[in-house]
Participant: 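Take this structure, written in structure tokens, and hold onto it; I'll ask about it next.
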Amino acid sequence: MTTVERVRLVGEGVDRVDGPLKATGAARYPNDFNLPDMAHAALVRSTVAAGRVRGLDTAAAESSPGVLAVITHRNAPSLGHGPDTILSTPPPPLQHDRILHYGQYLAVVVADTAEEATAAARRIKVDYDEAEALLDMHDPRAEVLVDPFKTDSDRGDAESALAAAEVQFEAAYTTSENTNSPLGLFTTVAAWDGDTLTVHDSTQWPGNVRTALARVFGLPENAVRVLAPFVGGGFGAGLRPWPHVVLAALAARTVGRPVKLVLSRPEMFTGTGHRTASEQRVRIGATRDGHLVALHHESTTTLQMEGDNFEPCASGTSYAYACPNLRTRDTQVRLNITWCNSMRAPGEAQGNFALESAMDELAYALGIDPLELRLRNYAEEHPGLGLPWSSKALRECYEVGAERFGWSRRDPEPGSMRDGDQLIGYGMAGVSFFWFQQPCQASATLREDGTALVRSAVTDIGTGTYTVMTQLSAELLGLPLSRVAFELGDSDMPEGAPAGGSGLTAGLGSAVQSACHNLVRAFLDIVRHDHTSPLRGCEVDEVAVADGRIFRMGSPGRGESYTDLLAAHGLHELTADGAATPGTSEELGIAPAGAFGAKFVEIRVDPELGTLHLERVVSAIDAGRILNEKTATSQILGGTVGGIGMALFEETVTDRDTGRIANGTFGDYLIPVNADIPDMQVIFVGRPDRFNPVGVKGVGEIGLVGMSAAIANAIHHATGRRLRSLPLTIDMLL
Ligand code: MOS
């Protein structure tokens, strides 16, 4: 086995800088903001999935105690449309009487207290002209969107190559709808001051909410400020400016008071997006010795009636393996369902389940070890672009993961490994995660007391952004951690990238690097013609920083401290801006690589009872440079738990008659508990990535991916049963 170089770590294992604030309750989440004279809003949701509002009786609600306003489509003002970013803003609420999904907002009630608003909302009577809802993805009346993401790919001649292949394999896989329901109930607190609007919001992208609200209410962007210094989880649910955010601001404007709107848990299940269901078909042509010659992957996913959802499932297959002939197809079917939206590893989570299950099936068909089959088809370069990867240590993931797991102890024969009455299963899956990065800006300020403040309008959804950006800034400015503060969560700060797609650390890190370099350059500028300064005439690439000083590279004695430089030039502080836009593969001559990973799981199945117990999970991950091994490990552990949920528990059930979400509460929607979670080990391998200057690839989502295939493959190994439909439940094992 190859020796894996240790990745250069910055501040390995540094504790979260915001940990004490969270542990003591000092961190303020949107829900914690209470403004003087604040009123409260409650929502009325549609109880049908399609049709029109025929009658709305609001009289009882309007005369209820404490009620200040009842807003419906009948009295709501005309509102504008938010921006069409990668995750577009849903159309503004209360603009018409049409119902497109169960849970659509039909009214907002504003009252002095939350209890009064909720009680009054319950007294609103809605009559519907109900229409037959489209709820089945095979309904011939449903609109089908072909290649909606423009990601379909073709290489070589996939049809002929499949027909001519020595070995042909085909199977269909399905995944269910899942719902991301972060623990922190999404809250919006909206306050108007004349024509300016300030909003505290549960969002993963404050700048997007600001732009959306500005357009909806016809305001200049600088008249809207969105604050989200702390958010109680995201997982993709906070990436869009949802209609409830608009309703909170509308309610506040209507009553002329600040308004707080807190979604209930059932409202979270209908109002903040969910993972699509998928039906996929994989066809593989291979040689008898296990070389892929043709790869076909088709996917159909669900989509709400209006608006978009960027979630390709099949296209990830185009770069997962070296295969000369390939065809991927993604389609979406519009249904009367609640909004589909990114949920941790959108598309990749479903697509990987199909591909990595199919690879396991092919391995059995050929009599080749599943890990060996993957190595035989290793994509040394990006198969679509024909360029070297910006970094790829998937081979090390396989090798180090297999070694740590003890894959060589596996007897490949299904049902051959036992522990008493229990069947033992070993399963694995490989992961080639997508690359995603958005433009980002930041600013860096050095103050006369020798401390630095670095800022960007991003969020930390609990993943460690505050911490790793404090570490990175400290390194780039040559300051101890304790002298650096990183601030975020305010749309008035430099424009931030979304905390999504596992792309924030790369995008924001690049912007922070730019800002810190520009700040050092600004210090050099003030001594550019200063004959007394040892730094006179220095360029930024000729200096290094450490211990609060800038000095000539290689000559630590020839430099000056930030504080001396400020004092000598009569400055209280110096600020520089930074910006980063992701490069392109054309410019850089390399293919952008997302993270890579290998998952190994051991399970026990009781064949009499159908129960499945996870014994252990090993995750070997190449995410480029790891800024903080402690928080990155936590990300992979959390993602792995999410993957266990997707594999074994999670299923958003829509009643096929009414379109109602039948299990939209934490009492009904199954997620893993501690007893379901086994020993989990995380190993990072690889080296800094070359596509961004910080060298990171992001760890937010890859922990989830591969878990469902690895578990399904382990089930096959334990029992001989091939399960192709998520979640994998007890009834399938009996
Ligand atoms: Mo993630 S699903 O992009 O928050």
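Numbering of ligands and ligand atoms starts at 1, following listing order.
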Participant: Heavy atoms only: give me the nearest Ile677-Pro672 pair and the separation to one decimal.
Facilitator: CD1-CB, 3.8 Å

Participant: Below 30° counts as parallel, above 60° as perpendicular, anything between as tilted: where do the rings of Phe486 and Tyr466 land?
Facilitator: perpendicular

Participant: So Phe691 and Trp435, would you call those rings parallel, tilted or perpendicular, with 30° and 60° as cut-offs?
Facilitator: perpendicular

Participant: Nearest 0.5 Å, what's the CD-CG distance between Glu651 and Asn663?
Facilitator: 7.5 Å

Participant: Do the rings of Phe230 and Tyr29 sit parallel, tilted or perpendicular, given the 30° and 60° boundaries?
Facilitator: tilted

Participant: Please produce the table of protein N or O atoms sitting under 3.5 Å from N or O atoms belonging to ligand 1, one pair a line, distance to 0.1 Å.
Facilitator:
{"residue": "ligand 1", "atom": "3 (O)", "partner": "Gly501", "partner atom": "N", "Å": "2.4"}
{"residue": "ligand 1", "atom": "3 (O)", "partner": "Glu701", "partner atom": "OE2", "Å": "3.3"}
{"residue": "ligand 1", "atom": "4 (O)", "partner": "Gln204", "partner atom": "NE2", "Å": "2.9"}
{"residue": "ligand 1", "atom": "4 (O)", "partner": "Gly236", "partner atom": "N", "Å": "2.8"}

Participant: Could you measure the distance from the CH2 atom of Trp339 to the CZ atom of Arg240? Nearest 0.5 Å is fine.
Facilitator: 5.0 Å

